[in-house]
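Okay, structure first, notes after.
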Amino acid sequence: MRSRFAPSPTGYLHLGNVWTALLCWLQTRQAEGTLILRIEDIDEQRSKSVFAEAFMADMRRLGLDWDEGPDMGGSYGPYVQSKRYFMYEEALNRLKRDGLIYPCYCNRARLQRISSAPHEGEYHVYDGHCYGLSEESRPEGKSPSLRLHVPDELITYTDSVYGAQSEDLSKECGDFIVRRADGLYAYQLAVSVDDGAMDITHVLRGRDLLESTERQILLRRLLGYENPITYTHVPLLKDSEGRRLSKRQKGLTLRELWDDGVESGQIIGYLLYCGGLIKERRACTAREFLQLVDFTQIGREDLIIDHSPAEVMKTFI
Ligand code: GLU
């Protein structure tokens, strides 16, 4: 088993990230697998190396360790996406050679227009406007984004928590962007190359990425990666108004909680308790929790986090 932590270093770790990282760690350590840390910093404007450093320090303080990563080395490096552009370029060239990539000149206004039609809950489907555009009709001096032409085919997989999933990308997503007009590689391409090239066998992440999975399955297949991946999407953390916790909300980063006098074992105990994975309000080390948690008990409902969780965490002993 090879699994990964894949943080985007765009802020300090908050409870939502810790929940997912904790479950990924529990899943891997219970199975005695290998855990990889990969820093996903392709969003160059928002990513900062201080946040990557802080991620590593905070995870260690929580007692959550990994086996390969930027600080540990390993035979699948580099473990930082901004050092892997050569691999994304190679992948893109392969897809181009196979005739699957085309330039798209659609501007934001047009994309908004075509995506404003669907009702809530429907997908925003790209209509293939630039597919098959002749050389002459391509606007001069405008740099295009690059799209992958998707097949008319149902892609299916079974998620360990949310069950059977399927998507016909041509109807529900449309041709999607693999490199943006500003030259940045898209998340979907980078993550597919990395999960393939790093021989990842298990992906555990927030359920907000459930709908990205079919695109990644397709990309990995087109790129010739054969390692089958078991996907486990997990519920998200919400506040009492039902909003997803974000890096912008106060009092929810690990650093704020520690400053408030909360201990690592209390943070972990609180999350496992809220997620229904332990029955008592208990605080202990991540290692000790390994014996106590039945990972398969994880539910599908999002977790509601108290308004000021620090006070509640302090009641965990
Ligand atoms: N880097 C992504 C994030 O922090 C996670 C991507 C993934 O797990 O596939 O949201």
Side-chain angles (χ1 to χ4, degrees), residues 1-28 33 35-56 58-59 64 66 68-70 76 78-85 87-88 91 157 159-162 165 167 176-178 180 184-220 223 225 227-237 244-248 252-254 302:
M1 171 177 186
R2 288 177 60 80
S3 64
R4 80 310 194 270
F5 291 140
S8 301
T10 56
Y12 290 110
L13 267 182
H14 65 81
L15 276 183
N17 318 121
V18 177
W19 162 246
T20 319
L22 171 64
L23 294 178
C24 180
W25 183 86
L26 285 167
Q27 185 192 43
T28 315
L35 189 43
I36 288 106
L37 168 62
R38 180 172 79 223
I39 304 293
E40 301 212 321
D41 60 348
I42 39 170
D43 183 346
E44 289 177 3
Q45 267 166 3
R46 293 175 59 223
S47 299
K48 305 248 176 324
S49 59
V50 297
F51 294 132
E53 296 296 329
F55 176 90
M56 294 194 257
D58 290 359
M59 292 290 277
L64 306 180
W66 53 95
E68 295 173 23
Y76 290 83
Y79 292 94
V80 178
Q81 285 192 326
S82 57
K83 298 197 173 127
R84 299 173 65 81
Y85 290 158
M87 297 190 71
Y88 310 145
Y157 71 99
D159 184 78
S160 311
V161 173
Y162 292 94
Q165 306 290 318
E167 191 176 13
F176 61 90
I177 292 180
V178 285
R180 297 179 358 181
L184 291 188
Y185 292 102
Y187 156 72
Q188 305 293 358
L189 181 77
V191 83
S192 306
V193 169
D194 292 346
D195 286 342
M198 292 180 172
D199 276 339
I200 297 299
T201 62
H202 287 69
V203 166
L204 185 147
R205 57 189 178 189
R207 69 160 178 81
D208 52 320
L209 290 168
L210 257 179
E211 281 105 41
S212 284
T213 306
E214 286 89 348
R215 275 172 273 175
Q216 296 171 18
I217 290 172
L218 172 69
L219 272 169
R220 279 208 323 282
L223 292 169
Y225 293 116
N227 45 314
I229 293 184
T230 302
Y231 285 96
T232 306
H233 287 89
V234 298
L236 303 174
L237 265 53
R244 188 176 169 190
L245 296 195
S246 82
K247 290 176 180 161
R248 284 177 290 277
L252 299 173
T253 65
L254 279 177
D302 287 336

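Any value given below was found using the heavy atoms of this structure, including those in side chains, with hydrogens, waters and symmetry copies removed. In listed order, ligands and their atoms are each counted from 1.
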**Asked** Salt bridge or not for R38 and D194, using N-O below 4.0 Å?
**Response** yes
**Message:** Counting only nitrogen or oxygen atoms and a 3.5 angstrom limit, does Q216 reach ligand 1?
**Reply:** no
**Request:** Please indicate whether any nitrogen or oxygen in A6 is less than 3.5 Å from any nitrogen or oxygen in ligand 1.
**Result:** yes
**Message:** Give me the atom names and distance for the closest heavy-atom approach of S3 to L35.
**Reply:** OG-CD1, 3.2 Å
**Request:** Answer with side chain, backbone, both or neither: which part of V203 has a heavy atom less than 4.0 angstrom from an atom of ligand 1?
**Result:** neither
Can you list the ligand 1 atoms lying under 4.0 Å from a non-hydrogen atom of [X]?
X: R205; result: 7 (C), 8 (O), 9 (O)
X: Y187; result: 6 (C), 7 (C), 9 (O)
X: S8; result: 1 (N), 2 (C), 3 (C), 4 (O)
X: E40; result: 1 (N), 2 (C), 5 (C), 6 (C)
X: V191; result: 9 (O)

**Prompt:** Quick one: side chain to side chain donor-acceptor pair (under 3.5 Å) partners of S82, sequence neighbours excluded?
**Reply:** D41
**Message:** If we only consider heavy atoms of R4, is any one of them less than 4.0 Å away from an atom in ligand 1?
**Reply:** yes
**Partner residues of R207 under the salt bridge (charged side-chain N to carboxylate O under 4.0 Å, His left out) criterion, sequence neighbours left out** = D302
**Item:** cation_pi(R2, Y76) dist<6.0 Å, angle<=45
**Value:** yes
**Message:** Let me confirm one number: the OG1-CZ distance from T213 to R205, rounded to the nearest 0.5 Å.
**Reply:** 4.0 Å
**Message:** Please check: side-chain N/O of N227 versus main-chain N/O of D195, any donor-acceptor pairing under 3.5 Å?
**Reply:** yes
